[in-house]
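Every chain is numbered from 1 and lettered A, B, ... according to where its sequence line falls, protein lines coming before strand lines.
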Amino acid sequence: MMGDFLGLSDNVWIIIFAAIITYFTRVSGHLILSRFETIHPRVEAGLNAVPAAVVTAIVVPAVLTGGWAEIITVIIAVIASLRLSMMKVFFMGWVLIIALRAIGL
Amino acid sequence: MSDNFSQFMRGAKDGFPVVIAATPFGLLFGTLAIENGFTISEAVLMSALVFAGASQMVGIELFGQNIAPWLILLSIFAVNFRHVLYSATLGRYFKHMSKSQQAIAFFFMTDPQFAASEQRGERGEKLTFAWYMGMAIPLYVFWVAEAWLGAVFGSLITDTEALGITFLLSIYFLALLMSFRGRSLFVPVVAASAMSSSIAFLTLGSPWHVSVGGVFGILVAACWPTRKREASEQ
């Protein structure tokens, strides 16, 4: 596009800025929060909800776009995780999705 | 020393499913990077410096469309905005680490790293730097290696659909999600996030559903009437 600057291509400059921006998002939340002596209970409640709120959103497309094999695997994995460890659920889910797809679901 | 080592190994064990589950995405990034005009070393450099799957995919996709650099960077920022929330949440468990350990730990804070760290706090175990890096380092090394493999051998990668690997990350996150079920307001938070992110996924598309679902789930928790919250904690 524009050629080189300081001997680095445009692509490399974009990568460097992308890295800086990404690192900024990874430290900024902590830097902002650590400026406050006390955390308001509502902020605390919001922060405690971050894992469940974000992880749910990450899983949603798998259910929305999935066929029967995916939906059955999700339902069984949810039930299994009430009793089994995370690792066991993970490998059981893996076997299940392969088996269900193999039988054409 | 040996305690640090066992912590590190424990982290590596906890991160093992993620290493497997992230493989197709790491390879896919390398392949797409080449298709969109990156060199092999640029693809590897991006995985090594940015180390954030979703934003790398978005960046590389826009790159292929000859969009202005600042717009690419703005999109990467938008996709990575959820990290601000992770950072605020996880920083509370980092207090015992030194400043330089914290600075390093934040670099490696990916979605699974954040969620697994929270889960560790959930089990009442201390979030040690050794455990954290035990999970982070294998993930990082494989992620960077996969960018190279995908870039070099991209055309040789066959359909991973049949092996179910592309679905593994969803299973991993689902199992992780269920480990948070003991938290107060779990059901309303999950319900709000599921509904809002579904709507966002169908209208705005990926990856925006993650931020939308996250924000709505958090708002429900923050705005929940205090007395009800205490009741649900019983």
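For chain A, the nearby parts of B:Tyr172 are the backbone and the side chain; heavy atoms of each come within less than 4.5 Å. There is no contact between B:Gln56 and chain A, counting heavy-atom distances below 4.5 Å. Proximity to chain B is limited to the side chain of A:Val60, based on heavy atoms less than 4.5 angstrom apart. Neither the backbone nor the side chain of B:Ser179 comes within less than 4.5 Å of any heavy atom in chain A. With a 4.5 Å cut-off on non-hydrogen atoms, A:Leu82 touches chain B through its backbone and its side chain both. At a 4.5 Å heavy-atom cutoff, the contact between A:Thr65 and chain B is made by side-chain atoms alone. In this structure, chain A has heavy atoms under 4.5 Å from both the backbone and the side chain of B:Ala103. Residue A:Val74 touches chain B through both its backbone and its side chain, counting heavy-atom pairs closer than 4.5 Å. For A:Met87, the part lying under 4.5 angstrom from a heavy atom of chain B is the side chain only. Looking at A:Tyr23, the atoms closer than 4.5 Å to chain B (heavy atoms on both sides) all sit in the side chain, from C-beta outward. The contact between B:Phe107 and chain A is made by backbone and side chain atoms together, counting heavy-atom distances below 4.5 Å. Proximity to chain A (any heavy atom under 4.5 Å) is restricted, for B:Ala115, to the side chain, taken from C-beta onward. For a residue to count as touching a neighbouring chain, one of its non-hydrogen atoms must lie under 4.5 Å from one of that chain's; by this rule B:Leu202 touches chain A with the side chain only. With a threshold of 4.5 angstrom between heavy atoms, B:Ser117 does not approach chain A through any atom at all.
Counting heavy-atom pairs closer than 4.5 Å to chain A, the top-ranked of the candidates B:Phe16, B:Phe108, B:Phe51 is B:Phe51. Chain A forms more heavy-atom pairs under 4.5 Å with one residue of B:Ala48, B:Ala88, B:Gly217 than with any other, namely B:Ala88. When each of B:Arg181, B:Lys95, B:Lys13, B:Glu118 is scored by its heavy-atom pairs under 4.5 Å with chain A, the top score falls to B:Arg181. Listed options A:Leu96, A:Val78, A:Val89 were ranked by heavy-atom pairs under 4.5 angstrom with chain B; first place goes to A:Val78. With chain A as the partner, the residue from B:Phe180, B:Phe94, B:Phe173, B:Phe216 showing the most heavy-atom pairs under 4.5 Å is B:Phe173. Ranked by heavy-atom pairs shorter than 4.5 Å toward chain A, the options B:Ala52, B:Ser197, B:Ala200 are led by B:Ser197. Put simply, of B:Ile76, B:Val79, B:Leu90, B:Leu176, the one with the most heavy-atom pairs under 4.5 Å next to chain A is B:Leu176.
For A:Arg42 (side chain) and B:Trp224 (main-chain N/O), a donor-acceptor pair under 3.5 Å exists by modelled atom type. In this structure, the side chain of A:Arg26 does not engage the main chain of B:His83 through any donor-acceptor pair within 3.5 Å.
When side chains are defined from C-beta on, A:Pro51 counts as touching B:Arg183, because their heavy atoms get closer than 4.5 Å. B:Arg92 is listed as a side-chain neighbour of A:Leu33, based on a closest heavy-atom distance under 4.5 Å. Proximity of B:Asn80 to A:Ile21: side-chain heavy atoms (C-beta onward) are nowhere separated by under 4.5 Å. A:Asn48 places none of its side-chain heavy atoms less than 4.5 Å from the side chain of B:Ser184. The side-chain heavy atoms of A:Phe17 and B:Ile72, taken from C-beta on, include no pair separated by under 4.5 Å. Side chains of B:Phe81 and A:Thr25 form no contact here, defined as non-hydrogen atoms less than 4.5 Å apart.
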Start with the C-alpha gap between B:Gln119 and A:Met86, add the side-chain angles, then the distance that decides, and say whether side-chain contact (heavy atoms from CB on, under 4.5 Å) holds. CA-CA 10 Å; B:Gln119 193 208 21; A:Met86 232 211 85; 3.8 Å; yes
For A:Phe24 and B:Phe77: C-alpha separation, side-chain torsions, deciding distance, then whether side-chain contact (heavy atoms from CB on, under 4.5 Å) applies. CA-CA 9 Å; A:Phe24 173 76; B:Phe77 176 75; 4.3 Å; yes
Could you walk me through whether A:His30 and B:Phe106 pass the ring pair (Phe, Tyr, Trp, His ring centres under 6.0 Å) test, one step at a time? CA-CA 9 Å; A:His30 174 62; B:Phe106 280 123; 5.3 Å; yes
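Within residues 32-39 of chain B, the residues having any heavy atom less than 4.5 Å from a heavy atom of chain A are, in residue-number order, B:Gly37, B:Phe38.
Nearest heavy-atom pair across A:Leu64 and B:Phe201 is CD1-CD2, 3.7 Å.
Between A:Ser9 and B:Glu42, the side chains place a donor N or O and an acceptor N or O closer than 3.5 Å (distance only, hydrogens not considered).
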